[in-house]
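Have a look at the structure below before the remarks.
Counting starts at 1 for both ligands and their atoms, in listed order.
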Amino acid sequence: MRALPDGFLLGAATSAFQIEGLGPGRGETIWDRFLAARGGDDGRVACDHVTRWREDLDLMAELGVDAYRFSVSWARVLPEGTGRVSAEGLGFYDRLVDGLLERGIRPWLTLYHWDLPQALEDRGGWRTRDAVGWFADYTAVLADALGDRVDVWLTQNEPWVAATLGHREGEFAPGGTDVTESLTVAHHLLLGHGIAARLLADDAPAGRVGVAPDVRPGFPATDRPEDVDAARHFDGFRNRWYLHPILGLGYPEDVAAEYLERGVFDAAEGDGVVREGDLALIAAPIDVLGVNYYTTLPVDAARREDDAPERPEGRDQPPGYTEMGWAIRPEGLRDLLLDLGDLVADSPVGRAGGPRGPVRLAVTENGASWSDGPGPDGRVRDARRTRYVHDHVDAVLAAREAGAPVDAHLVWSLLDNLEWTQGFAQRFGLVHVDFATGTRTVKDSGRWLAAVLAERRLVPPGDPERD
Ligand code: FCB
């Protein structure tokens with residue numbers, strides 16, 4: 001049974017749009033607009049965290065989490081995206097951060113978790129280079145207000161998803177369907193990261209600075225050369241395109257050459273989307289490289305740029321899959337952290353370290369969706385989630401023992417919440433939420449996590465009677 005090493009942080013994560021609800025004064029975001037057009041679940045109430053935040057802080061204290069990763073809603077702080085700062089909106093995060101610190105919980109703040117103010121989308125959104133400046137101004141407002149109290153600042157959440165699902169696949173807000181647009185957006189998101197990271201290094205002296213890309217390792221479905229090649233391309237398209245520029249290695253040449261040949265994107269610095277000096281700007285010093293990890297994917301020649309899960313989502317899954325259709329592969333997380341440790345050590349940004357020390361890895365999201373609800377006795381028996389979290393934290397600790405520089409694991413998610421286009425059907429929480437009443441119930445997985453945090457060791461998952 002592994003102990004949690006000294007200094008290792010175990011906690012939970014959420015994002016603003018998925019839990020907060022509209023509340024007073026928040027401006028419209030691209031997700032409000034996108035979900036309204038689709039019909040179905042939306043973010044007007046979500047978990048009503050904007051009114052129930054004290055209760056949620058108390059729940060976190062009850063679990064004993066070391067750190068809590070939340071995101072700030074840009075449109076709550078700047079309802080029009082730029083210009084007027086809402087004192088009420090900023091005050092919400094000010095109280096939230098103080099409430100965390102009062103309870104001994106470290107605040108990890110994500111600046112951008114996909115919820116662009118609609119007012120900025122109306123001005124071209126992330127397709128325009130102007131977005132980089134808007135993002136820098138928004139970052140400066142938060143650094144000024146919270147720079148003395150936030151432990152870790154994460155600039156961007158999962159830029160691949162925002163760029164690709166949001167601008168190429170049409171699946172996520174704002175619903176774009178153009179490859180060139182998606183790569184343009186990706187470049188601006190990366191630039192936003194670099195510029196915000198530099199600004200925070202100066203203006204948020206209490207905090208460390210990082211970014212939270214999603215990494216989905218692909219492995220060749222067979223050992224046929226075309227599948228091996230496809231898996232390599234998938235890794236470039238899905239992972240390296242983001243990790244390499246962030247770490248100062250530039251856009252990966254193999255993928256850049258293919259995009260150029262296909263006529264979809266020119267990644268060379270010049271007078272197009274990618275300007276002279278951009279890659280140096282993106283390669284800002286960072287202290288923390290976050291990793292959001294859920295699964296790995298077998299890749300064959302037909303799926304070189306296809307991230308679809310192995311199984312359709314839904315409740316009916318065989319063992320070994322979550323209700324997202326994602327295969328459960330904790331060993332993939334161990335291997336990934338070891339690989340990323342090597343990549344960081346071999347990269348200019350990794351070697352130089354950040355403003356507050358050497359680059360460390362953190363699992364900034366990892367979790368599982370199963371829809372277990374309260375039984376007749378009110379208790380939520382989610383043994384599969386307990387097992388999932390146990391096995392993944394164990395994998396992280398194993399990677400650390402083998403030399404990976406990782407020292408945090410944040411479970412997605414604290415609460416059942418609005419899972420984007422899948423609405424309230426997908427439940428990732430350690431805490432169950434009844435969306436009709438807002439009632440919270442700590443699941444068995446949450447109680448298990450509380451025991452782990454109390455004992456500082458990975459207690460076995462199999463004790464459902466634990467209280
Ligand atoms: C990640 C997102 C997060 C949540 C989980 C399940 O891609 O960052 O908001 O939706 O997946």
Side-chain angles (χ1 to χ4, degrees), residues 11-21 29-31 34-35 41-43 46-47 49 68-74 108-116 154-169 171-173 186 189 193 210-217 238-239 242 289-297 307-309 311 313-314 317 321-329 332-333 336 362-371 382 384-385 388-389 392 409-431 433 445:
T14 62
S15 90
F17 187 78
Q18 294 176 275
I19 65 165
E20 286 182 355
T29 73
I30 55 174
W31 273 95
F34 186 71
L35 291 180
D41 294 339
D42 62 40
C47 304
H49 173 71
Y68 172 55
R69 175 180 174 221
F70 63 98
S71 79
V72 170
S73 165
W74 186 340
W108 285 43
L109 183 157
T110 312
L111 286 162
Y112 187 68
H113 201 121
W114 310 345
D115 47 353
L116 189 73
L154 299 165
T155 54
Q156 298 282 359
N157 179 69
E158 304 197 349
W160 181 88
V161 171
T164 314
L165 301 188
H167 291 269
R168 187 183 96 155
E169 304 298 329
E171 283 175 26
F172 274 14
L189 290 168
H193 155 70
V211 56
D214 47 319
V215 186
R216 185 150 303 173
R238 185 71 176 73
N239 306 321
Y242 298 85
L289 177 63
V291 189
N292 292 359
Y293 173 87
Y294 289 91
T295 190
T296 63
L297 267 185
D307 178 73
R311 291 186 44 80
E313 77 253 1
Q317 302 289 346
Y321 291 84
T322 72
E323 290 182 14
M324 294 292 275
W326 292 339
I328 301 169
R329 299 209 172 96
L333 179 54
L336 171 63
V363 178
T364 35
E365 280 183 30
N366 170 252
S369 169
W370 281 293
S371 46
D382 61 335
R384 291 173 295 187
R385 181 172 295 97
Y388 180 102
V389 177
H392 283 77
H409 185 104
L410 305 179
V411 178
W412 185 271
S413 179
L414 176 70
L415 302 170
D416 289 343
N417 59 47
L418 179 71
E419 180 48 33
W420 308 108
T421 53
Q422 297 198 37
F424 300 113
Q426 297 283 356
R427 293 178 175 272
F428 280 86
L430 297 162
V431 175
V433 177
S445 58

Atom indices of ligand 1, in the order listed, that fall short of 4.0 Å to a heavy atom of Asn157: 8 (O)
Which ligand 1 atoms, with their elements, are less than 4.0 angstrom from a heavy-atom of Phe428? 6 (C)
Are the side chains of [Y] and [X] in contact, using a 4.5 Å heavy-atom criterion?
X: Gln18; Y: Trp412; value: yes
X: Thr322; Y: Gln317; value: no
X: Phe428; Y: Asp416; value: no
X: Asn366; Y: His409; value: yes

Between ligand 1 and [X], is the shortest N or O to N or O distance under 3.5 Å?
X: His113; answer: yes
X: Gln18; answer: yes
X: Trp420; answer: yes

Audit row: Tyr294, Glu365, side-chain hydrogen bond (donor to acceptor under 3.5 Å, both in side chains) steps and yes/no: CA-CA 8 Å; Tyr294 289 91; Glu365 280 183 30; 2.6 Å; yes
Got a donor-acceptor contact below 3.5 angstrom from the Tyr388 side chain to the Gly367 backbone?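 Flag set: sc Tyr388 to bb Gly367 pair under 3.5 Å.
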Does Arg385 reach the main-chain N or O of Trp370 with its side chain, forming a donor-acceptor pair under 3.5 Å?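 Yes, because the side chain of Arg385 sits within donor-acceptor range (under 3.5 Å) of the backbone of Trp370.
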If you have a sec, work out which protein heavy atom is nearest [atom] and how many Å separate them, to one decimal?
atom: atom 2 (C) of ligand 1; value: Glu365 OE1, 3.3 Å
atom: atom 7 (O) of ligand 1; value: Glu158 OE1, 2.5 Å
atom: atom 5 (C) of ligand 1; value: Tyr294 OH, 3.3 Å

Closer than 4.0 angstrom: is that true for some heavy atom of Val161 and an atom of ligand 1?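 The answer is no: ligand 1 sits nowhere under 4.0 Å from a heavy atom of Val161.
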So is Met324 close enough to ligand 1, meaning a heavy atom under 4.0 angstrom away?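 For ligand 1, residue contact (heavy atoms, under 4.0 Å) with Met324 is absent.
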